[in-house]
Amino acid sequence: MSSGGRPPLSRDEVAHVAVLARLALTDEELDRFTRQLAQVLDHAADVAALDLGGVVPTAHPLPLANVLRPDEPAPCLDRDEVLGAAPVVEDGRFRVPRIVGEAP
Amino acid sequence: MSPGAPAGPASDLVGPAASDWETVVGLEVHCELKTVTKLFCGCPNSFGDEPDTNVCPVCLGLPGSLPVLNEQAVELAMRIGAALQAEVRPSTFHRKNYFYPDMPKDYQISQYDEPINVGGWLDLPDGSRVGIVRAHLEEDTGKTTHQGAGGRIHSADYALVDYNRAGVPLVEIVSEPDIRSAAQARTYAAELRAVLVATGASDGRMEEGSLRVDANVSVRRVGEQRFGTRCEIKNLNSLRSLARAVEHEAARQVAVLEAGGAVVQETRHWDEEAGRTIAMRSKEEAFDYRYFQEPDLVPLAPDAAWQERAAASIGLLPAARRHRLLALLGQDRTGAQEDQVQSVVDQGLDDFVVAAVSAGSPAPLALVRASNELAADVGAAQRLEPSSFAALCKLEASGELTATQAKAVLAELVEAGGGDPAAVARSKGFEAMSADSLAGVVAQVVEANPDEWRRYAAGDDKLAGFFTGQVMKVTGGKADGKAVAAELRGRREQQA
């Protein structure tokens, strides 16, 4: 297997991705996932090793473009039903915990 | 600077040694599109409805739901592109991943490295040109309201979320960093708003959040070629906030640099009440969005025929509308009239002036009635029949109605959305006073006030106002003020 010239995946990178995905990993899990993810990347690197200069990138597996719908309204869901699925509701809206930081 | 851009206007003066520093600004304007439905589902795109009523499995991100692109949103995005001289390109959609409750999917669908509109520019009324990097499609987020601790972001106890806005179509217009002052930033945003309204893409209502502006601000020594470190300012909800925030942020950065410090690249929040920007997060905390192509959407590639239709459907743009009115006024127009032209075009009332002039009224008169009386309630005025306005101006221009009478009749026409101004005038008892009967009234008033007349005749012009008032009293306001003044002057000259 070839690494495609890319430096091997580090434990810190896996820890960073885990934070972004809001996953709490133990030390043992970090070691294990670093090993497994490195194998996955190695596999993908086989493709990276090929000369694909003349190949157009694939945007979608289906050979389609311009799938559009007319700007016409469709029925919405019933609000009571929607809010009934929420853990906490207040004032006809979803209530969520205190937000740390600001919207992106 | 974008290619071919003429030099911008002189920089704003900021800070203590202001003349040494130049402000550099690039703006990101988010424009909600005036579609009937959302970008990827059939929920109504409607401001002010009961919270969480315009929602469905797609915009709530429920499992198994699939987005389908709204054709009209693409149409409006291409109109915006055409108005900004951008190039329409084949484009794709990406997922921008982040954890924040304003998007129930935990990602926002946006265009990333292949946006629909690329390049272009906007020419401003001050003669400067601002380059456009891109104008891409994306979906809006839900509206979060922070509760507790006075509703402040950093100390709120919890938040309430309304997803009616989640999935509303947006076009984000990103400018080049070509803007060199707070005033120019404001002019750009105002002109862009007018362009967006003219294309039919936006209602332009900043107060309802349908246009939102973020500003990237940096400063550098005059003559320096490289850009300084920039900060992104959010929460700019009006043109005034934009100008103030840019001015304050530039001054803050100059102060930091002059004290020997360094500007930190970060996102800052504009606090309108305190009149300053506050750091929100630094670059180290910046989001890592892990963009990847949206697997549920196929590429978008409008053909040449659709692009041409979209470009052809945009009406006259604001610059052309201003030019049209200025041409009607001619060369000896005043600065005040040029200001009236700007405001009438910004408010979308210029077609009324054109209709009145085409029907034979003088342009200055029609312009005044549009920029004063029609502008008093733009929403109502836009429902008025232009032909009613044109007929009204004609009655005033010919002297059949006085200015006061014309204003009263116009108010009634605006309220009714149209009608025959002559009929309205008759119903109000406004009849034109013939010159003879006016002369009679003036004579009567002069005889009744001999002392005042002697002073006026001796050259005390202030008394003209007194006599005009007396004539108005006798005629119940039907006399034309200008005709009264002329009659008074005529009488005095005869006596002399």
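Lettering follows sequence order; numbering is per chain, from 1.
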**Message:** Quick check on A:V96 against chain B: is it the side chain, the backbone, both or neither that has a heavy atom closer than 4.5 Å?
**Reply:** both
**Prompt:** In terms of heavy-atom proximity below 4.5 Å to chain A, should B:C59 be classed as side chain, backbone, both, or neither?
**Reply:** neither
**Request:** Check salt bridge (Lys or Arg N to Asp or Glu O under 4.0 Å) between A:D27 and all other residues, then give those that pass, not counting sequence neighbours.
**Result:** A:R11
**Item:** Residue part contacting chain A, namely of B:T145, when any heavy atom lies under 4.5 Å
**Value:** side chain
**Message:** Please rank B:P302, B:C56, B:P51 by heavy-atom pairs under 4.5 Å with chain A and give me the top one.
**Reply:** B:P51
**Message:** As a quick check of understanding, evaluate side-chain contact (heavy atoms from CB on, under 4.5 Å) for A:H16 and B:D288, giving each step before the final call.
**Reply:** CA-CA 10 Å; A:H16 175 64; B:D288 181 342; 3.1 Å; yes
**Asked** Considering only heavy atoms from C-beta outward, does the side chain of A:F94 approach that of B:D52 to under 4.5 Å?
**Response** yes
**Asked** For chain B, which of A:P61, A:P70, A:A21, A:P75 has the most heavy-atom pairs under 4.5 Å?
**Response** A:A21
**Fill in**
Looking only at B:V298, B:T144, B:D162, the option with the highest number of non-hydrogen pairs under 4.5 Å against chain A is B:V298
**Asked** So with a 6.0 Å cut-off around CZ of B:R95, is the heavy-atom count from everything else above 12?
**Response** yes
**Prompt:** If you look at every heavy atom in B:V36 and A:P73, which pair is closest and at what distance?
**Reply:** CG1-CD, 3.9 Å
**Prompt:** Taking all non-hydrogen atoms of both residues, which atom of A:R69 and which atom of B:K38 are closest, and how far apart?
**Reply:** NH2-O, 2.5 Å
**Request:** Nearest 0.5 Å please: distance from the CZ atom of B:F99 over to the CZ atom of A:R22.
**Result:** 5.5 Å
**Prompt:** Residues in salt bridge (Lys or Arg N to Asp or Glu O under 4.0 Å) with B:E28, at least two apart?
**Reply:** none
**Request:** Select one option (side chain, backbone, both, neither) describing which atoms of B:E75 are under 4.5 Å from chain A's heavy atoms.
**Result:** neither
**Side chain / backbone / both / neither for B:L39 at chain A, heavy atoms under 4.5 Å** = backbone
**Prompt:** Tell me, side chain or backbone of B:V58 under 4.5 Å from chain A's heavy atoms, or both, or neither?
**Reply:** neither
**Asked** Near B:K105 NZ, under 6.0 Å, is it more than 12 heavy atoms from other residues, nucleotides or ligands?
**Response** yes
**Message:** Any heavy-atom pair between the side chains of B:E71 and A:N66 that's under 4.5 Å?
**Reply:** no
**Message:** Which atoms of B:L297 are under 4.5 Å from chain A, going by heavy atoms: the side chain, the backbone, both sets, or neither?
**Reply:** backbone
**Request:** Check the surroundings of atom OH in B:Y112: do more than 12 heavy atoms from other residues, nucleotides or ligands lie under 6.0 Å from it?
**Result:** no
**Asked** If you count the non-hydrogen atoms of other residues, nucleotides and ligands that lie under 6.0 Å from CZ in A:R79, is the total more than 12?
**Response** yes
**Asked** Of all of B:Q293, B:M103, B:E114, which one pairs up most often with chain A through heavy atoms under 4.5 Å apart?
**Response** B:Q293
**Prompt:** Which bit of B:Y163 is near chain A, if near means a heavy-atom gap under 4.5 Å: side chain, backbone, both or neither?
**Reply:** side chain
**Request:** Heavy-atom distances under 4.5 Å only: say whether A:E90 touches chain B with side chain, backbone, both or neither.
**Result:** both
**Message:** If we ignore hydrogens and angles and just use 3.5 Å, is the side chain of A:R93 paired with the main-chain N or O of B:L160 as donor and acceptor?
**Reply:** no
**Asked** With only heavy atoms counted, which part of B:P295 is less than 4.5 Å from chain A, the side chain, the backbone, both or neither?
**Response** backbone
**Prompt:** Taking side chain as C-beta onward, heavy atoms only, is A:H60 less than 4.5 Å from B:T92?
**Reply:** no
**Complete:** Cut-off 4.5 Å, heavy atoms of chain A, and the answer for B:T53 is both
**Request:** With a 4.5 angstrom heavy-atom cut-off, could you sort out which part of B:P57 is near chain A: side chain, backbone, both or neither?
**Result:** both
**Request:** May I ask you to name which of A:L68, A:L77, A:D91, A:D71 has the most heavy-atom pairs under 4.5 Å with chain B?
**Result:** A:D71
